[in-house]
Amino acid sequence: PPGSVFKIVTASGILEEGIAKPKDKIFDEGFIKVGESVYGNWKRDGHGIVDYTRSMKVSNDTYYYIYTGGYNIPKGLGISGIYNWGRKYKFGETHGIDLYGESQGFMPDGKYKTWYLGDTFISAIGQGDVLATTVQVSSLTSYFANNQKTFVPRVVLEADNLVKKEKILYEDLLTSEVFNVIKNSLKE
């Protein structure tokens, strides 16, 4: 499981699909309760008032539970949205690095087993059935370092004329507004 770095993928869907605006706030008391089930934030007493940027800065879990599960809001991103955004960032497939044995990882779609709301919550924060490789995580973060462009990863001895040979893996997945919000939140 990639862990909290996967929140970048989830946030892309939440913000790009208008599930939440960057300044929308939740109150995190350290958990949410759905029926008899309790889903805790890593910080047991919570982070208080949290908007998108703060959710990244403090790695808040509750923000992602609420906006993916549709908890006390009209509609959440859901597992299908998490899956779709994961696939846009090429999670669950190889990236074509020039090394033998690259793994695909696994991007859950919620259709291969009995799926519960709690599975969606933990998938949203990069836990549970979400499996990623270091290449996939590196590609994700390079997207923000390279201004909405990720290249097929390569192992090289020197960088002369490297740019001329590069192939784009994915680019321009986000509007410039959402891209800038996420990139600036990563600086926090």
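R154 places no side-chain N or O within donor-acceptor distance of the main-chain N or O of D98, the cut-off being under 3.5 Å. Checking side-chain atoms of S138 against main-chain N and O of V135 turns up no donor-acceptor pair under 3.5 Å. For T133 (side chain) and Q136 (main-chain N/O), a donor-acceptor pair under 3.5 Å exists by modelled atom type. The closest donor-acceptor contact from the side chain of E102 to the backbone of G96 lies under 3.5 Å.
Across every non-hydrogen atom of V178 and L174, the tightest pair is CG1-CD2, 4.1 Å. Heavy-atom minimum distance, A11 versus I182: C-CD1, 4.3 Å. Across every non-hydrogen atom of T94 and Q104, the tightest pair is CG2-CG, 3.8 Å. Nearest heavy-atom pair across V137 and A132 is CG2-CB, 4.2 Å. Residues S12 and Y89 come closest through the heavy atom pair OG-OH, 2.8 Å. A pairwise comparison of heavy atoms in V152 and E166 identifies O-OE1, 3.4 Å as the closest pair.
Put simply, the side chain of P2 reaches to within 4.5 Å of the side chain of V5, judged on heavy atoms. At a threshold of 4.5 Å between non-hydrogen side-chain atoms, the residues P108 and W115 count as touching. Counting heavy atoms from C-beta on, the side chains of F121 and V34 come closer than 4.5 Å. Within the 4.5 Å cutoff, the side chain of I79 has heavy atoms near those of the S123 side chain. Counting only heavy atoms from C-beta outward, the side chains of E171 and T150 never approach each other to under 4.5 Å. Using a 4.5 Å heavy-atom cutoff, the side chains of I168 and K149 are in contact. In this structure the side chain of M107 reaches within 4.5 angstrom of the side chain of I82, judged on heavy atoms.
In summary, the side chains of W85 and T10 do not present any donor paired with an acceptor at a separation below 3.5 Å, with no hydrogens or angles considered. With no hydrogens or angles considered, no side-chain donor-acceptor pair links N41 and Y65 at under 3.5 Å. Between K7 and S59, the side chains place a donor N or O and an acceptor N or O closer than 3.5 Å (distance only, hydrogens not considered). Residues N147 and K183 have side chains that bring a donor and an acceptor to within less than 3.5 angstrom of each other. Counting only N and O atoms by type, the side chains of D28 and T62 include a donor and acceptor under 3.5 Å apart.
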Audit row: Y67, Y52, ring-ring contact (aromatic ring centres under 6.0 Å, His included) steps and yes/no: CA-CA 10 Å; Y67 288 118; Y52 168 69; 9.8 Å; no
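Distance check: W42 CH2 to N60 CG gives 9.0 Å after rounding to the nearest 0.5 Å. Note: T68 OG1 to K75 NZ = 12.5 Å, rounded to the nearest 0.5 Å. Interatomic distance, E177 CD to E16 CD, rounded to the nearest 0.5 Å: 8.5 Å. Taking CD1 from I26 and CZ from R54, the interatomic distance works out to 10.0 Å, rounded to the nearest 0.5 Å. Interatomic distance, D24 CG to S55 OG, rounded to the nearest 0.5 Å: 11.5 Å. Remark: I8 CD1 to M56 CE distance equals 4.5 Å, nearest 0.5 Å.
L77 and L117 fall within a single hydrophobic cluster, where Ile, Leu, Val, Met, Phe, Trp and Tyr side chains are chained together by heavy-atom contacts under 4.5 Å. A continuous path of hydrophobic side-chain contacts links Y71 to V50 [ILVMFWY only; heavy atoms under 4.5 Å].
The number of heavy atoms from other shown groups lying within 6.0 Å of NZ (K113) is above 12. A 6.0 Å sphere centred on CD1 of I49 holds no more than 12 heavy atoms belonging to other residues, nucleotides or ligands. Other residues, nucleotides and ligands contribute at most 12 non-hydrogen atoms within 6.0 Å of the NZ atom of K57.
None of F151, Y143, F91 except one satisfies the ring-ring contact (aromatic ring centres under 6.0 Å, His included) rule with Y170; the exception is Y143.
Here E93 pairs with R87 in a salt bridge; the nearest charged N to carboxylate O distance falls below 4.0 Å.
Ring-plane geometry between F179 and F144 is classed as parallel, the angle between the planes falling under 30 degrees on a 0 to 90 degree scale with a further cut at 60.
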